[in-house]
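Below is one structure; the comments refer to it alone.
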Protein chains: 2
Amino acid sequence: MTSSVQRKRVRKSPDDRRAEIVGAAAEVALTEGLECITLRRIAEQLDVRPGLISHYFPAVEDLVAEAFGSAATAELETLLPVGPRDGSPQEHLARFFARTTGPAYDDMSRLWLNARHLSRYRPVLRDRVLDQEKDWRGRLSGVIATGVERGEFRTEDPVLAAVRILVVIDGLAGHANTGLGNHPATVTRLAAATAERELGLPDGALATPAATGEPGTATTLAPPAAEPAAPAVEPEAPATEPDAEPS
Amino acid sequence: MTSSVQRKRVRKSPDDRRAEIVGAAAEVALTEGLECITLRRIAEQLDVRPGLISHYFPAVEDLVAEAFGSAATAELETLLPVGPRDGSPQEHLARFFARTTGPAYDDMSRLWLNARHLSRYRPVLRDRVLDQEKDWRGRLSGVIATGVERGEFRTEDPVLAAVRILVVIDGLAGHANTGLGNHPATVTRLAAATAERELGLPDGALATPAATGEPGTATTLAPPAAEPAAPAVEPEAPATEPDAEPS
DNA sequence: GATGCTATTGAGTGTGCGACCAATAAGCAA
DNA sequence: TTGCTTATTGGTCGCACACTCAATAGCATC
């Protein structure tokens with residue numbers, strides 16, 4: 001009896017529900033930030049009650065780490081797919097830079113920044129960040145090593161080269177996120193340019209299709225050489241929502 | 001009457017008090033993070049009541065921005081002093097890299113990371129971050145421009161070179177803060193190496209005193225040389241406290 | 001030594017957070 | 001259909017936060 005209507009319940013298998021929760025949290029993390037992963041916010045997203053989230057993740061910190069791991073893993077998968085390499089390592093890297101310096105990567109770079117900062121206070125997240133760094137480094141150095149084997153690249157230490165490349169990308173990300181828009185191509189060019197230097201490639205070898213203007217005048221002082229062959233992969237534009245204030 | 005002892009009050013001039021508050025907030029920002037700048041925390045630091053902080057900063061967000069600006073300005077001042085240049089631009093840059101890639105810069109790089117992330121949610125801080133970026137960029141490009149005038153450096157666009165250098169430094173900072181310690185010298189070398197390339201300098205020209213091994217062989221494919229000796233410019237060790245959980 | 005200005009306090013408001021738990025209903029198995 | 005397991009709910013607790021404001025006391029001035 002009584003007027004209080006009982007809420008309709010949808011009962012799902014723990015595995016499904018758990019995956020659903022992590023998915024929602026990853027989405028919130030990408031669009032609004034890791035701090036916005038709260039019991040109430042995720043519950044609202046899934047149209048369930050906060051208690052349910054607590055049931056699956058007794059400590060929210062674990063959900064935060066899981067959400068970051070999920071998002072980062074997914075991004076790495078589209079960034080450097082491990083499966084059938086349909087192109088040369090050089091083409092792979094060119095696509096890699098095209099995406100990481102493009103708008104499609106904005107959310108992800110914000111998330112990396114977010115995770116790096118937050119991992120200062122949250123040990124579980126911190127470990128996840130270290131894991132992801134390892135994965136990204138491993139995947140990238142793998143591509144590089146393959147390139148070296150094929151004689152496309154020349155470097156003594158693929159891992160070191162990978163780390164340096166990732167460092168530059170993160171640096172660009174940090175700056176891009178603060179400014180209103182992205183950096184001009186002359187700045188983002190730094191990423192590919194670093195890679196070219198690390199891998200013994202000619203200037204412009206890893207240039208983004210769009211930036212194919214006058215290669216050689218741009219980079220530094222070098223009057224270069226090779227024309228950048230156009231690798232044909234343009235990243236899709238991600239749907240982004242306005243941010244929310246977490247405090 | 002009554003047993004409740006009244007708290008002893010120390011009355012100071014608004015200017016002094018305000019400066020004191022900003023100073024305390026800057027210290028907390030550097031050691032514990034911008035999120036730890038709360039009315040209670042800063043009040044405790046100064047042994048006053050929270051209400052007093054509110055009195056000087058009706059919106060905490062303003063204090064946060066002020067604290068960041070204060071800390072960043074101070075750091076820039078020791079990093080690239082504007083006054084009497086006692087050395088050549090090249091020496092200036094070498095010291096710049098020695099410090100930015102050393103342990104004395106740890107707190108500051110964490111703070112930059114912190115501020116960049118937090119500025120996503122706090123407009124006032126965001127503006128401050130942009131201001132500081134402008135200052136740092138201007139100061140660094142100034143040194144570079146001087147070097148160009150003197151024929152020490154060679155670059156088409158000092159500002160572009162400055163931005164690229166700062167991007168690399170921030171990238172290193174982000175990675176260093178996540179990992180347990182700092183990166184090995186082979187990675188941090190990336191910063192000076194980028195600058196050398198941007199400025200048309202020979203490899204190793206900006207190397208840290210310690211890393212001054214075999215200039216010219218080091219940068220990319222070559223095995224790095226010297227073991228770290230005692231650097232001439234040794235930064236003071238900052239007193240660091242264990243972190244607190246801001247939420 | 002008295003007076004007035006104001007820097008500082010103490011007490012309180014409302015909000016959002018994670019965490020906890022007994023009660024409840026969904027849906028599978030008998 | 002009946003019963004049982006358990007996924008899900010609703011409600012509550014305590015804490016930390018920013019912010020407000022009348023009351024109070026330090027101190028310069030007279």
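Chain letters run A, B, ... following the sequence lines, proteins first, then strands; residues in each count from 1.
For A:Arg11, taking side-chain heavy atoms from C-beta onward, the closest of the listed nucleotides D:dG26, D:dT5, D:dA18 is D:dT5. Which of D:dT9, C:dT8, D:dC19 sits closest to the side chain of B:Lys12 comes down to C:dT8. Taking only side-chain atoms of B:Thr38, from C-beta outward, the nucleotide of D:dC17, D:dC19, C:dT8 with the closest atom is D:dC17.
An OP1 or OP2 oxygen of C:dA7 is reached within less than 4.0 angstrom by no side-chain nitrogen or oxygen of B:Tyr56.
For a distance-only test at 3.5 Å, the side chain of A:Arg9 qualifies as a donor-acceptor partner of the base of C:dT24. Scanning atom types as modelled, no donor and acceptor separated by under 3.5 angstrom connect the side chain of A:Arg49 and the base of D:dT9. In terms of polar N and O atoms assigned as donor or acceptor, the side chain of B:Arg7 never comes within less than 3.5 Å of the base of C:dT8 in a complementary pairing. Interface remark: the A:Arg17 side chain does not form any donor-acceptor pair with the D:dT8 base, using a distance-only criterion of under 3.5 Å. Residue side chain A:Arg40 does not reach the base of C:dG16 through any donor-acceptor N/O pair under 3.5 Å, judged by distance alone.
A donor and an acceptor atom, one from each side chain of A:Arg41 and A:Gln45, are located under 3.5 Å apart.
Heavy-atom nearest nucleotides on DNA chain D were determined for A:Pro50 and for B:Ser54, and the one closer to the 5' end corresponds to A:Pro50.
Look at CG on A:Leu39: it is 15 Å from C1' on C:dC21, rounded to the nearest Å.
Under the rule for a salt bridge (Lys or Arg N to Asp or Glu O under 4.0 Å), the partners of B:Arg17 that lie at least two apart in sequence or sit in another chain are B:Glu20.
Both cation-pi conditions hold for B:Arg18 and B:Phe57: the charged atom is under 6.0 angstrom from the six-membered ring centre and inside a 45 degree cone around its axis.
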